[in-house]
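First comes the structure, then the notes that go with it.
Just so you know, these numbers use all the heavy atoms, side chains as well, and skip hydrogens, waters and symmetry mates. We count residues from 1, following the sequence as given. As the structure is a prediction and not an experimental result, all values here were calculated from the model.
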Amino acid sequence: MVHVDERREANARRAANELVKSITSEHLSTSRSYDTSGPDPLENEPMSPVRRTFCLIVTFDLIFTFLLWIIYTQLTGQKIADAFEEQVANYSIQTSLFDVVLLSCGRFVILLLAYALFKLNHWWVIAISTTGTCAFLIAKVFLFSFSHNNASGFNDTLDYLVMITNFVIAWVETWFLDFKVFPGEKKLRYMLATGISERTPLLNAQVDRSGATPDSQRFYSPVSTPDGTGSDEEGDAKSIAENQGDSAGDVQVREYLELGRQVLDQVWHLYSTLDEWKLEEEKPNGDKIFSRTVAKLGKFYRAEGDIDCNTRVLYRELIENMHNSPSWNPTVVELRILQSLADNCEVLYNVVSEAAGGIISPRDFVSLRYHGQRNDILIAVGAAVTHPDAPVTSKYVRGENGPGGYLFQPIGDDRCHFIWIVNTNLKGWIPQYVIDQALSGVMLDYLKRVRERVKAIQ
């Protein structure tokens, strides 16, 4: 037994040393994270499929516009040679539509040079080309003589069609580059640098207990340093392995438990580094909202407030009785347990109501929740996972929660310092300032409702 304790102590000391190295580095990372200031992982790779698709769209723009112009000249009764002489040799902005073709040609040259030859990763080139296209087309609408060919309204419709089509295609190119090419290549860079893929499991089946823990999530993963609770956490995984065998389901359960321990470490680190948080708002009653940005993870929010309630009672009401939360918290539409993995770990499904006056529509989340304790602080943490019992549906936008959770710090027997850390990706095309305002308001309202709930149960 003495040897076992010594070995555990040595492992804990070694893990602690690794954690110190990870949290004192310039940014939080894992063995699979990569430095964005270093060489581009795509620099020596062939053009990405999504960028090739963009180049095809630009090429289609030129060919389609030229073909549309030829069809236009044929329907107006002109021969190709006569059309070239009238609209090219004797060009006039009032009677010629060949300048629309030249507009597409200009976009073709500029965009392929910038994004195919030089492989730029910035939007400024397409912003200039789209702005120039819009400005020219708007000016042409005022100057063009739409009835110069004949008195019928049919050819007028063709004139409109040529211009509007060019306008729409220019904006389609802009949208595709900004919302498909750049995000897709960012994800591809991460995969190339970290060695993961879309099919990488939640966690690797084999965990390196020497300190570095494999991670296939988008979250950083400091090593597990359970501060005195390691034997209980390891016992959870061991009991499952011993009692249930090594089926695929049991491996998945162990992966979930390992992820829970990693997220607990992440949240504990975030809690322990208060000096790195920026105070966003403070209420007269002492409630505070902090924020910070973590590399590779995004923006975190932290709400703090003192609750006049015993810590264990508050923990039991908010965590153990969380299925009752829709009855007193109107922001929660639905909350249920999909799967209980261990006494301190389960997979949850919850739906939250709309926010910011309806700008943010209802979202649903599938999260792993893991319970633990550090010193005298009770902790319940969570992070996004997938589960077969909760597939993505068209009814809700599926959001993703990053590492976050609740911390309950005792202040005497009947008072608790309550902390809520949130990192969430709401998905959709929501401006960041709307998310910032909505989350701050939701978190402050939650503290208010927690106090109201405490009064109701006492």
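- Between the Arg52 side chain and the Met47 main chain, a donor and an acceptor come within less than 3.5 Å of each other.
- Glu346 and His371 form a side-chain donor-acceptor contact under 3.5 Å, judged by distance and modelled atom types alone.
- Taking every heavy atom of both residues into account, Ile126 and Tyr115 meet most closely at N-OH, 3.3 Å.
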Take Val88 and Ser96, measure what side chain to side chain contact (heavy atoms under 4.5 Å, CB included) needs, and give me the verdict at the end.
CA-CA 8 Å; Val88 180; Ser96 175; 6.0 Å; no
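- Using a cutoff of 4.0 Å between basic side-chain nitrogens and carboxylate oxygens, Lys283 and Glu281 are scored as salt-bridged.
- Relative ring orientation between Trp69 and Phe84 is described as perpendicular, the plane-to-plane angle rising above 60° on a 0-90° scale split at 30° and 60°.
- Between Thr133 and Phe167, the closest side-chain pair of non-hydrogen atoms is not below 4.5 Å.
- For the pair Arg451 and Asp287, the salt-bridge criterion is met [side-chain N within less than 4.0 Å of a carboxylate O].
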Carefully, step by step, assess Asn350 and Ser367 under the rule side-chain hydrogen bond (donor to acceptor under 3.5 Å, both in side chains).
CA-CA 8 Å; Asn350 70 296; Ser367 304; 4.8 Å; no
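- Between Glu304 and Lys288, no side-chain nitrogen of the basic residue sits less than 4.0 Å from a carboxylate oxygen of the acidic one, so the salt-bridge criterion is not met.
- Here the straight-line distance linking atom OG of Ser325 with atom CG of Leu318 works out to 9.0 Å at 0.5 Å rounding.
- Smallest separation of non-hydrogen atoms from Pro326 and Leu335: CG-N, 4.3 Å.
- In this structure, Glu400 and Thr386 have side chains that are not in contact, with every pair of non-hydrogen atoms separated by 4.5 Å or more.
- By the side-chain contact (heavy atoms from CB on, under 4.5 Å) test, Leu67 pairs with Ile71, sequence neighbours left out.
- Taking CG of Leu444 as the start and CG of Asn285 as the end, the distance is 8.5 Å to the nearest 0.5 Å.
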Start with the C-alpha distance between Asp364 and Tyr349, add both sets of side-chain angles, then the distance that settles side-chain hydrogen bond (donor to acceptor under 3.5 Å, both in side chains), and finish with yes or no.
CA-CA 7 Å; Asp364 67 344; Tyr349 174 79; 3.1 Å; yes
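- The shortest distance between side-chain heavy atoms of Asn329 and Tyr446 falls below 4.5 Å.
- Using a 4.5 Å heavy-atom cutoff, the side chains of Leu113 and Val109 are in contact.
- Using a distance-only test at 3.5 Å, with no hydrogens or angles considered, a donor-acceptor pair links the side chain of Thr73 to the main chain of Ile70.
- Side chain of Arg398 to main chain of Pro391: a donor-acceptor pair is present (N/O by atom type, distance under 3.5 Å, no hydrogens or angles).
- With hydrogens and angles disregarded, a donor-acceptor distance shorter than 3.5 Å links the side chain of Asn423 to the backbone of Lys299.
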Step by step, work out the side chain to side chain contact (heavy atoms under 4.5 Å, CB included) result for Leu102 and Phe98.
CA-CA 6 Å; Leu102 294 179; Phe98 192 76; 3.7 Å; yes
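- When all heavy atoms of Phe176 and Val50 are compared, the pair lying nearest together is CE2-O, 3.5 Å.
- Across every non-hydrogen atom of Leu264 and Ile379, the tightest pair is CD1-CG2, 3.5 Å.
- With Gln87 contributing its side chain and Leu97 its backbone, the two residues share a donor-acceptor pair below 3.5 Å.
- Closest heavy-atom contact between Gly260 and Leu368: N-CD2, 3.6 Å.
- Between Tyr370 and Leu257 the shortest side-chain heavy-atom distance falls below 4.5 Å.
- Counting heavy atoms from C-beta on, the side chains of Leu274 and Arg302 come closer than 4.5 Å.
- For the atom pair NE2 (His323) and CD1 (Ile337), the distance works out to 8.5 Å, reported to the nearest 0.5 Å.
- Ring geometry for Trp277 versus Phe300: interplanar angle over 60°, hence perpendicular rather than tilted (30 to 60°).
- With salt bridges taken as basic N to acidic carboxylate O contacts below 4.0 Å, none links Arg292 and Asp275.
- Ring geometry for Trp268 against Tyr271 counts as tilted: the plane angle lies between 30° and 60°, on a 0 to 90° scale.
- Ring geometry for Phe408 against Phe418 counts as tilted: the plane angle lies between 30° and 60°, on a 0 to 90° scale.
- Within the structure, salt bridge (Lys or Arg N to Asp or Glu O under 4.0 Å) pairs that include any residue of residues 166-176 comprise Arg107-Glu173 (at least two apart or interchain).
- Looking only at side-chain heavy atoms (C-beta outward), Phe182 and Arg51 come within less than 4.5 Å of each other.
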Give the C-alpha distance, both sets of side-chain angles, the deciding distance and a yes or no for side chain to side chain contact (heavy atoms under 4.5 Å, CB included) between Thr174 and Trp123.
CA-CA 8 Å; Thr174 304; Trp123 48 263; over 6 Å; no
Evaluate side chain to side chain contact (heavy atoms under 4.5 Å, CB included) for Leu407 paired with Val267, printing each intermediate quantity in order.
CA-CA 9 Å; Leu407 295 95; Val267 172; 4.0 Å; yes
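- Heavy-atom neighbours of Trp328 CH2 from other residues, nucleotides or ligands within 6.0 Å: above the threshold of 12.
- The distance from the CG atom of Leu348 to the CZ atom of Arg369 is 5.0 Å, given to the nearest 0.5 Å.
- Contact of the Arg449 side chain with the Pro330 side chain is registered, since non-hydrogen atoms from C-beta on lie closer than 4.5 Å.
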